[in-house]
Chemist: 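Have a look at this one before I ask anything.
In this text the structure is predicted, and so the values were computed from the model without any measurement. Throughout, numbering of the chain's residues begins at 1 and tracks the sequence.
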Amino acid sequence: MCSIIGYVGKDMSAETLEGYLRRTERRGPDDLRVTETEFGLLGFARLAIMGLTEEGMQPFERDGSWVVCNGEIYGFRVLKKELEEKGYEFKSDSDCEILLPLYREYGTEMFAHLDAEYACVMYDAETKQVIAARDPIGIRPLFYGYSESGNIAFASEAKNLVGWVEEVRPFPPGHYYIDGKFVQYEDIGEVRGYRHEDLDTITKNIREKLIAGVEKRLDSDAPLGFLLSGGLDSSLVCAIAAKILDKPIRTFAIGMDVDAIDLKYAKQVADYIGSDHTEVIMTKEEVLKSLETVIQALGTYDITTIRASMGMYLVCKAIHEQTDLKVLLTGEISDELFGYKYTDFAPNAKEFQKEEQKRLRELYFYDVLRADRCLAANSLAARVPFGDLDFVRYVMSIDPAKKMNVYGKGKYLLRKAFEEGDWLPESILWREKAAFSDAVGHSMVDDLKEYAEKFYSDAEFEEKCKMYQDPTPFTKESLLYREIFEKYYKGQSHMIPAYWMPNKEWEGCDVNDPSARVLANYGDSGK
């Protein structure tokens, strides 16, 4: 993943900043460097993925200007060639080395045109300006805060800044910072006009754009693998990659040692596409033992995020310990685009689209956060094809009346898009999937809830809940997570705006647990 840090001030030593950077050294275990500059300090911990030589190490410097970037710039080879034709020379094969020349050519306009997932901090030696920016979805993390002396600091994770700045704040996606101001260059949820194409055209575009999103994410100088849950989204990513590469890909699935719903489906997909498949089995003891480690890595108290992270963290831990892989493709973001189980309850197309926009804009607090931290904590980098910007923009512009579940099957458009072409077995393509945290085994969530129930008496629960607000814990499980969170991120609960829950304003969605398992329409999901 890499870890970046930047401090716009001269009242801190490089050694001190390096200490803060090393808090996230697992994001970038290959190399680490802190550089003193004209404006302050820049630090970089490297996970080498593109341009593996020493020349690819950051910060990059050009004519007194500097940049550090945690990101992937897709199509960078074409951009690099265009820049070379303009007279720019490059020392490495790193995609991020093109950022300073691009900024010199286009200024802040470049951010709106990057096909990338990134977080960066730059210094323009000509204008003496510090610039920071983050991709429109927030796939790559970035936080900021102000030191006691009033100087701004940027870092990949909240833990880099805790205890150093008073208030750690998430850097807003789709924004850049310059001259002390945050400027929005894209609102990923905004739709300027809806497409009213026929179903065949829509599904053809969905298929072609997702294939393109997968293909560009296969470009890596480091070895890559795939997380395969057996559900629709990760199965499609794996099937597309297998066809493009025309060789066995490496897939990984995880499940509890009892009642692991999706392991059998993941095996079916792996057999169908001919992947080199690995199953990782986890136990109740491993889950409970890892709980605090996972919450510390995540930097959240959200119930859904933590539950869904347990399996993801442990499978990534196994991959890190047992393989040489550095990059994993995952299936996140499909739900936000095509709907959850609870969006079946949307009263109309307008409300469905409004909910879609809200979830997409908040992704960096929840699913995207989970994918980043679970992998980064195990020195792996995530690539998310469903987060391809061209794909996201297109799906968001589809008439929401066509995206609603009016077909008797959730995510109908996505399934229909891959109906022809032998991408997946029909039983997988049209199967209702379990909620993510349930798919590894219903018992996992039950084990966590049972553990929390025994952790507090009823009286303790009532008393302790009064200590926490914005939001207040509402179950013993949520209280347990909040207390562990406060142990490592004391007073920083504002970093997560609320618990991820179905839209309680909709009939059928006023539930007290975020799992789709509690919804009336869950039906055969996960069987």
Chemist: Only one of Tyr489, Trp500, Phe485 passes ring pair (Phe, Tyr, Trp, His ring centres under 6.0 Å) with Tyr301; say which it is.
Modeler: Phe485
Chemist: Heavy-atom count around Lys411 NZ within 6.0 Å, excluding the residue itself: above 12?
Modeler: yes
Chemist: Which of these, Arg27, Arg383, Arg140, sits in a salt bridge (Lys or Arg N to Asp or Glu O under 4.0 Å) with Asp372?
Modeler: Arg27
Chemist: With distance as the sole test, does Arg482 use its side chain to make a donor-acceptor pair with the main-chain N or O of Thr472 at under 3.5 Å?
Modeler: no
Chemist: Take Lys358 and Glu355 through the salt bridge (Lys or Arg N to Asp or Glu O under 4.0 Å) test and state the conclusion after the steps.
Modeler: CA-CA 5 Å; Lys358 177 181 186 294; Glu355 190 73 7; 5.4 Å; no
Chemist: Counting distance only, does the side-chain N/O of Arg415 pair as donor-acceptor with the main-chain N or O of Gly410 below 3.5 Å?
Modeler: yes
Chemist: Just verifying a value: how many Å separate Ile139 CD1 and Leu363 CG, rounded to the nearest 0.5 Å?
Modeler: 8.0 Å
Chemist: Do Ile206 and Phe338 make a side-chain contact, defined as non-hydrogen atoms from C-beta onward lying under 4.5 Å apart?
Modeler: yes
Chemist: Taking the ring of Phe154 and the ring of Tyr177, is the distance between their centroids below 6.0 Å?
Modeler: yes
Chemist: Heavy atoms, side chains only, cut-off 4.5 Å: are Glu356 and Leu360 in contact?
Modeler: no
Chemist: Check whether any side-chain N or O of Gln353 sits under 3.5 Å from a backbone N or O of Met396 as a donor-acceptor pair, and report yes or no.
Modeler: yes
Chemist: Check this for me: Asp187, atom CG, are more than 12 non-hydrogen atoms of other residues, nucleotides or ligands nearer than 6.0 Å?
Modeler: yes
Chemist: Is any side-chain heavy atom of Phe226 closer than 4.5 Å to one of Ser234?
Modeler: no
Chemist: Nearest heavy-atom pair of Arg307 and Ser515: which atoms, and what distance?
Modeler: NH1-CB, 3.7 Å
Chemist: Take Glu477 and Tyr481 through the side chain to side chain donor-acceptor pair (under 3.5 Å) test and state the conclusion after the steps.
Modeler: CA-CA 6 Å; Glu477 182 187 13; Tyr481 298 165; 2.7 Å; yes
Chemist: Grab the two heavy atoms, one from Thr251 and one from Ser275, that are nearest each other, plus how far apart they are.
Modeler: OG1-OG, 2.8 Å
Chemist: Does any part of the side chain of Asp262, heavy atoms only, come nearer than 4.5 Å to the side chain of Arg431, both counted from C-beta?
Modeler: yes
Chemist: With the threshold set at 4.0 Å, does a side-chain nitrogen-carboxylate oxygen contact exist between Asp388 and Arg217?
Modeler: yes
Chemist: Below 4.5 Å, heavy atoms only, C-beta onward: do Tyr407 and Leu199 meet side chain to side chain?
Modeler: yes
Chemist: Determine yes or no for a side-chain-to-main-chain donor-acceptor pair under 3.5 angstrom, with Lys204 supplying the side chain and Ala417 the backbone.
Modeler: no
Chemist: Is there a donor-acceptor pair under 3.5 Å between the side chain of Lys409 and the backbone N or O of Trp430?
Modeler: yes
Chemist: Should the heavy atoms of other residues, nucleotides or ligands under 6.0 Å from NZ of Lys402 be counted, would the total exceed 12?
Modeler: yes
Chemist: If you measure from CZ on Phe365 to OG1 on Thr300, what distance do you get to the nearest 0.5 Å?
Modeler: 10.0 Å
Chemist: Inspect the contact between Lys216 and Asp390 and indicate whether a charged nitrogen and a carboxylate oxygen are less than 4.0 angstrom apart.
Modeler: no
Chemist: If you measure from CG on Asn160 to OG on Ser3, what distance do you get to the nearest 0.5 Å?
Modeler: 4.5 Å
Chemist: Please report the shortest heavy-atom distance between Ala253 and Leu263, naming the atom on each side.
Modeler: CB-CD2, 3.8 Å
Chemist: Just by distance, do the side chain of Thr475 and the backbone of Ser478 share a donor-acceptor pair under 3.5 Å?
Modeler: yes
Chemist: Any Lys/Arg nitrogen of Lys454 or Glu450 sitting under 4.0 Å from an Asp/Glu carboxylate oxygen of the other?
Modeler: yes
Chemist: Kindly indicate whether the side chain of Val368, heavy atoms from C-beta on, has any atom under 4.5 Å from the side chain of Ile333.
Modeler: yes
Chemist: Could you give me the CA-CA distance, side-chain angles and deciding distance for Ser309 and Arg370, then say whether side chain to side chain donor-acceptor pair (under 3.5 Å) is met?
Modeler: CA-CA 6 Å; Ser309 294; Arg370 165 173 57 84; 4.7 Å; no
Chemist: With the threshold set at 4.0 Å, does a side-chain nitrogen-carboxylate oxygen contact exist between Glu483 and Lys487?
Modeler: no
Chemist: CE of Met444 to CG of Asp447: how many Å apart, nearest 0.5 Å?
Modeler: 8.5 Å
Chemist: Taking all atoms of both residues into account, what is the closest heavy-atom pair of Gly225 and Leu325, and its distance?
Modeler: CA-CD1, 3.8 Å
Chemist: Answer yes or no: is there an ion pair linking Glu453 with Lys449, defined by an N-O contact shorter than 4.0 Å?
Modeler: no
Chemist: Using modelled atom types only, decide if a donor and an acceptor are shared between the side chain of Asp198 and the backbone of Asp200 within a distance under 3.5 Å.
Modeler: yes
Chemist: In terms of ring plane angle, is the pair Tyr342 and Tyr340 parallel, tilted or perpendicular, where the classes change at 30° and 60°?
Modeler: parallel
Chemist: Specify whether Phe386 and Phe391 have parallel, tilted or perpendicular ring planes, treating 30° as the upper limit for parallel and 60° as the lower limit for perpendicular.
Modeler: perpendicular
Chemist: Could you report the tightest heavy-atom contact between Leu227 and Met312, atom names first, then the distance?
Modeler: CD1-CE, 3.7 Å
Chemist: Above 12 or not: heavy atoms from other molecules or residues under 6.0 Å from CD of Glu167?
Modeler: yes
Chemist: If every non-hydrogen atom of Gly145 is compared with every non-hydrogen atom of Val165, which pair is closest and at what distance?
Modeler: C-CG1, 3.7 Å
Chemist: Does Lys476 use its side chain to pair, donor to acceptor, with the backbone of Tyr456 at less than 3.5 Å?
Modeler: yes
Chemist: Do Ile188 and Leu389 come within less than 4.5 Å of each other through their side chains, counting heavy atoms only?
Modeler: yes
Chemist: Please answer whether the main-chain N or O of Leu413 pairs with a side-chain N or O of Thr203 as donor and acceptor at a distance below 3.5 Å.
Modeler: no
Chemist: Are Lys289 and Glu286 ion-paired here, with the side-chain N under 4.0 Å from a carboxylate O?
Modeler: no
Chemist: Classify the angle between the aromatic ring planes of Tyr499 and Phe474 as parallel (below 30°), tilted (30 to 60°) or perpendicular (above 60°).
Modeler: perpendicular
Chemist: When you compare the side chain of Leu142 with that of Ile4, does any pair of heavy atoms fall below 4.5 Å?
Modeler: yes
Chemist: Rounded to the nearest 0.5 Å, how far apart are CD of Gln296 and OH of Tyr488?
Modeler: 4.5 Å
Chemist: Ring of Trp423, cation from Lys243 - is the NZ or CZ under 6.0 Å from the centre and inside 45° of the axis?
Modeler: yes
Chemist: Output the distance between atom CD1 (Ile398) and atom OH (Tyr194), rounded to the nearest 0.5 Å.
Modeler: 11.5 Å
Chemist: Checking His277 side chain against Ala270 main chain: does a donor-acceptor pair fall under 3.5 Å?
Modeler: no
